[in-house]
*Asks:* 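Below is one structure. I have some questions about it.
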Amino acid sequence: MRIGVITFPGTLDDVDAARAVRYAGAQPVALWHADHDLQGVDAVIVPGGFSYGDYLRAGAIASIAPIMTEVVAAAGRGTPVLGICNGFQILCEAGLLPGALTRNVGLHFVCRDQRLRVESSATAWTGDLTAGEEILVPLKSGEGRFVADAATIDQLEGDGRVVFRYAGVNPNGAMSAIAGISSADGRVVGLMPHPEHAIDALTGPSQDGLALFTSVLQGAASPV
Amino acid sequence: MVDVMPKPEILDPQGQAVAGALVRLGVAGVGDVRQGKHFELEVDDSVDDETLHRVAGSLLANPVIEDWVVTRA
């Protein structure tokens, strides 16, 4: 399986995301923000960082980059898309996921190993996880507070589209402690924490994050 | 000009920090502070208000969390 990893100006975590793809047993394919070409990949990862220096709003300018036109079209065809941190912000700005990510309560940049509760295994990226289990992955963001209007939150909760929730203390004031959500069909997932940094005990707090990258290989995840 | 402000129901921690700093400056009587963005666009006469609102709603502001006002100088 070939999984594309997009690089924008200011992307930081594309190398770790590609490494996670390799650890999972798939082939990473480098994708460039200015291209209109997904190179026939089977899935796409929009990695973390500070695309375009977070100018305007985090993810706002990257969301209208040429490659994102193709990502939006591919997501419409059911291609799995995973947005991590800045990638989550980009997917929200691009309209692939509802809501927005705003400045953390208290204004502090949060950088720590964060426990997450898996709320849904019924997505393309969480089939190898079990709903209700906790995983430990790094969180590093200054604008990670998920917000949406009450109707959207109710819909996400009611439809089982909250995929990850912060366990323990809410690190950024996110509504309903939401750390990650999915599209209605479960093929697009975005989360603020970084599973790609938790795939090897040598370099991360756990190997819990690898499950996201192996999940997409199964193709068994049933749409929500 | 396009002025973008966080929606009233959206928490604005930056505005709160500014309000807190004003207290430390010894300025009394300032209640809430909300922080937004101000854009000045030089446009020719062919750019109508509808286009400016489209620009504001699709890029300058995020309609999920922000409101905007378009004014012509």
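A quick note: this is a predicted structure, and the numbers were derived from the prediction, not measured. In what follows, chains carry the letters A, B, and so on, assigned in the order in which the sequence lines appear, proteins first and then strands, with residues in each chain numbered from 1.
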*Asks:* Does atom CZ of F109(A) have more than 12 heavy-atom neighbours from other groups under 6.0 Å away?
*Replies:* yes

*Asks:* Near H108(A) NE2, under 6.0 Å, is it more than 12 heavy atoms from other residues, nucleotides or ligands?
*Replies:* no

*Asks:* Please classify the contact of E66(B) with chain A as side chain, backbone, both or neither, using a heavy-atom distance under 4.5 Å.
*Replies:* side chain

*Asks:* Does atom CG (D45(B)) have a neighbourhood of more than 12 heavy atoms from anything else shown, all under 6.0 Å?
*Replies:* no

*Asks:* Return the CG to CD distance between L59(B) and E93(A), rounded to the nearest 0.5 Å.
*Replies:* 8.5 Å

*Asks:* Taking atom CD of E9(B) as the centre, does the number of heavy atoms from other residues, nucleotides or ligands within less than 6.0 Å exceed 12?
*Replies:* yes

*Asks:* Look at N62(B), I65(B), V64(B) and state which one has the largest set of heavy-atom pairs under 4.5 Å with chain A.
*Replies:* N62(B)

*Asks:* If I take atom CD from residue Q35(B) and atom CZ from residue R103(A), how far apart are they, to the nearest 0.5 angstrom?
*Replies:* 8.0 Å

*Asks:* Is chain A contacted by the side chain of K7(B), its backbone, both, or neither, given a heavy-atom distance below 4.5 Å?
*Replies:* neither

*Asks:* How about L107(A) and P13(B): do any of their side-chain heavy atoms sit closer than 4.5 Å?
*Replies:* yes

*Asks:* Is it the backbone or the side chain of L11(B) that comes under 4.5 Å from a heavy atom of chain A, or both, or neither?
*Replies:* both

*Asks:* Counting C-beta onward and ignoring hydrogens, is there a side-chain heavy-atom pair between R57(A) and K37(B) closer than 4.5 Å?
*Replies:* yes

*Asks:* Looking at chain B, which one of G99(A), S63(A), G95(A) has the largest number of heavy-atom pairs inside 4.5 Å, strictly under?
*Replies:* G99(A)

